[in-house]
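To start, the structure under review is shown below, and the notes come after it.
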Amino acid sequence: MTTWIWVAVVVVAVVALAAVGYFVLQRQTRRSHLRERFGPEYERTVAEHDDRREAEQELLERERRHAELDIRPLPEESRDTYASRWTEVQERFVDAPGYAVTEADQLVTAVMAERGYPTEDFEQRLSDLSVGHAETLDHYRTAHEISGRAARKDASTEDLRQAMVHYRALFEELLHETTRGR
């Protein structure tokens with residue numbers, strides 16, 4: 001009888017260790033997936049939360065929401081039109097840099113809308129873009145911040161030039177991307 005008890009204890013211990021190992025492996029796999037998918041946005045989100053698990057849940061929720069969106073590539077005609085409009089915005093920068101930055105922001109938003117991204121709220125745009133555009137998301141944040149300062153007449157010409165560079169990074173990615181993030 002004692003032998004059976006020991007066998008049962010060993011079996012329970014092995015099952016418990018296997019379960020713990022399974023959950024640890026699942027967590028590591030999820031964390032690895034999120035780090036790969038979100039890049040620098042993963043670390044940024046973790047830093048903004050008190051708990052890594054909470055941050056990871058937010059990122060998983062972003063993926064779920066993104067999967068429900070109807071994100072689509074731009075038709076070639078639209079890409080050509082937007083590319084021409086971008087060239088015009090860049091040319092306007094010489095005479096009216098603040099206005100050009102505002103136009104660049106509006107152009108990026110228009111491309112996002114045509115691609116299927118909701119565009120009503122800036123924070124939601126960031127969240128939705130983070131799933132497929134995490135590498136260029138800081139460009140967008142920086143450009144938007146400079147654009148806000150420009151609206152208050154609190155940005156230098158060099159700041160405005162930098163905003164254009166940042167907007168262009170996301171603009172070009174949105175313009176030429178297919179639906180690879182899906």
Side-chain angles (χ1 to χ4, degrees), residues 34-49 55 58-59 61-63 65-182:
L34 291 173
R35 277 191 168 131
E36 182 178 316
R37 178 82 186 246
F38 288 94
E41 186 67 10
Y42 175 87
E43 296 303 330
R44 185 181 212 291
T45 305
V46 167
E48 289 176 351
H49 287 78
E58 179 184 319
L59 294 172
E61 182 55 38
R62 289 182 192 185
E63 282 187 319
R65 176 180 159 78
H66 188 269
E68 294 172 1
L69 298 175
D70 182 23
I71 307 299
R72 56 204 170 272
L74 291 172
E76 188 170 342
E77 182 179 314
S78 290
R79 281 196 310 271
D80 293 344
T81 300
Y82 285 124
S84 293
R85 286 178 58 192
W86 182 262
T87 300
E88 292 168 7
V89 169
Q90 286 183 302
E91 289 169 356
R92 248 188 299 287
F93 183 84
V94 174
D95 295 323
Y99 183 68
V101 167
T102 300
E103 281 187 299
D105 182 62
Q106 293 169 349
L107 193 54
V108 166
T109 302
V111 172
M112 288 175 60
E114 188 169 339
R115 296 272 326 269
Y117 288 97
T119 58
E120 300 79 39
D121 175 60
F122 179 71
E123 291 301 319
Q124 189 60 56
R125 275 184 264 166
L126 288 175
S127 179
D128 293 337
L129 284 170
S130 71
V131 178
H133 303 278
E135 296 297 326
T136 54
L137 202 57
D138 278 339
H139 287 288
Y140 190 40
R141 276 190 183 96
T142 302
H144 187 77
E145 183 271 326
I146 294 170
S147 182
R149 286 193 290 130
R152 298 185 306 276
K153 308 285 188 231
D154 189 27
S156 69
T157 303
E158 176 58 20
D159 291 337
L160 297 173
R161 188 188 71 74
Q162 284 297 315
M164 291 296 290
V165 169
H166 291 302
Y167 276 127
R168 184 177 56 222
L170 179 59
F171 176 79
E172 288 178 354
E173 190 170 301
L174 286 169
L175 197 64
H176 299 291
E177 182 200 42
T178 61
T179 55
R180 66 179 159 85
R182 298 201 65 179

I'd like to know if the side chain of Asp159 pairs up with that of Ser156 as donor and acceptor (distance under 3.5 Å, no hydrogens or angles considered).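 Side-chain D/A pair, Asp159 to Ser156: present.
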Go through the side-chain N and O atoms of Thr45 and Glu58 and say whether any donor and acceptor fall under 3.5 Å apart.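 Short answer, no.
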About how many Å separate [atom2] of [Y] and [atom1] of [X], when rounded to the nearest 0.5 Å?
X: Leu170; Y: Leu175; atom1: CG; atom2: CG; value: 10.5 Å
X: Glu63; Y: His66; atom1: CD; atom2: NE2; value: 9.5 Å
X: Leu129; Y: His139; atom1: CG; atom2: NE2; value: 13.0 Å
X: Arg168; Y: His166; atom1: CZ; atom2: NE2; value: 10.5 Å
X: Thr109; Y: Leu174; atom1: OG1; atom2: CG; value: 9.5 Å
X: Arg62; Y: Phe38; atom1: CZ; atom2: CZ; value: 6.0 Å

Sidechain-backbone polar pair: [X] side chain, [Y] backbone, donor-acceptor under 3.5 Å:
X: Ser127; Y: Glu123; answer: no
X: Ser147; Y: Ala143; answer: no
X: Arg85; Y: Leu107; answer: no
X: Arg149; Y: Ala155; answer: no

Could you list the residues that satisfy side chain to side chain contact (heavy atoms under 4.5 Å, CB included) with [X], not counting sequence neighbours?
X: Glu43; answer: Arg35
X: Phe122; answer: Arg125, Leu126, Tyr140, His144
X: Asp138; answer: Arg44, Arg141

Shortest non-hydrogen separation from [X] to [Y] and the atoms involved:
X: Gly116; Y: Arg72; result: CA-NH1, 3.4 Å
X: Thr119; Y: Ala113; result: CG2-N, 3.8 Å
X: Val89; Y: Ala104; result: CG1-N, 4.0 Å
X: Ala134; Y: Pro40; result: O-CG, 4.1 Å
X: Ala169; Y: Thr136; result: O-CG2, 4.2 Å
X: Gly148; Y: Arg152; result: O-NH1, 3.1 Å

Scan for ring pair (Phe, Tyr, Trp, His ring centres under 6.0 Å) pairs involving residues 85-119, sequence neighbours excluded, and state none if there are none.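 Those involving residues 85-119 are Trp86-Phe171.
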Under 6.0 Å from the CD atom of Glu48, do we count more than 12 heavy atoms belonging to anything else shown?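 Enclosed: over 12 neighbouring heavy atoms sit under 6.0 Å from CD of Glu48.
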Check whether more than 12 heavy atoms from other residues, nucleotides or ligands sit under 6.0 Å from atom CD of Glu76, and answer yes or no.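 At most 12 heavy atoms, drawn from other residues, nucleotides or ligands, come within 6.0 Å of this atom.
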Kindly write out the residues that satisfy side chain to side chain donor-acceptor pair (under 3.5 Å) with Glu103, not counting sequence neighbours, or none if the list is empty.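 Result, side chain to side chain donor-acceptor pair (under 3.5 Å) vs Glu103: Arg92.
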Which residues satisfy the side chain to side chain donor-acceptor pair (under 3.5 Å) test with Asp128, sequence neighbours excluded?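 Here the qualifying residues are Arg65, Gln124.
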List the steps and the verdict of side chain to side chain contact (heavy atoms under 4.5 Å, CB included) for Met112 and Arg115. CA-CA 5 Å; Met112 288 175 60; Arg115 296 272 326 269; 5.7 Å; no
So do Thr102 and Gln106 actually touch side chain to side chain, heavy atoms under 4.5 Å?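 Yes, close enough: below the 4.5 Å cut-off.
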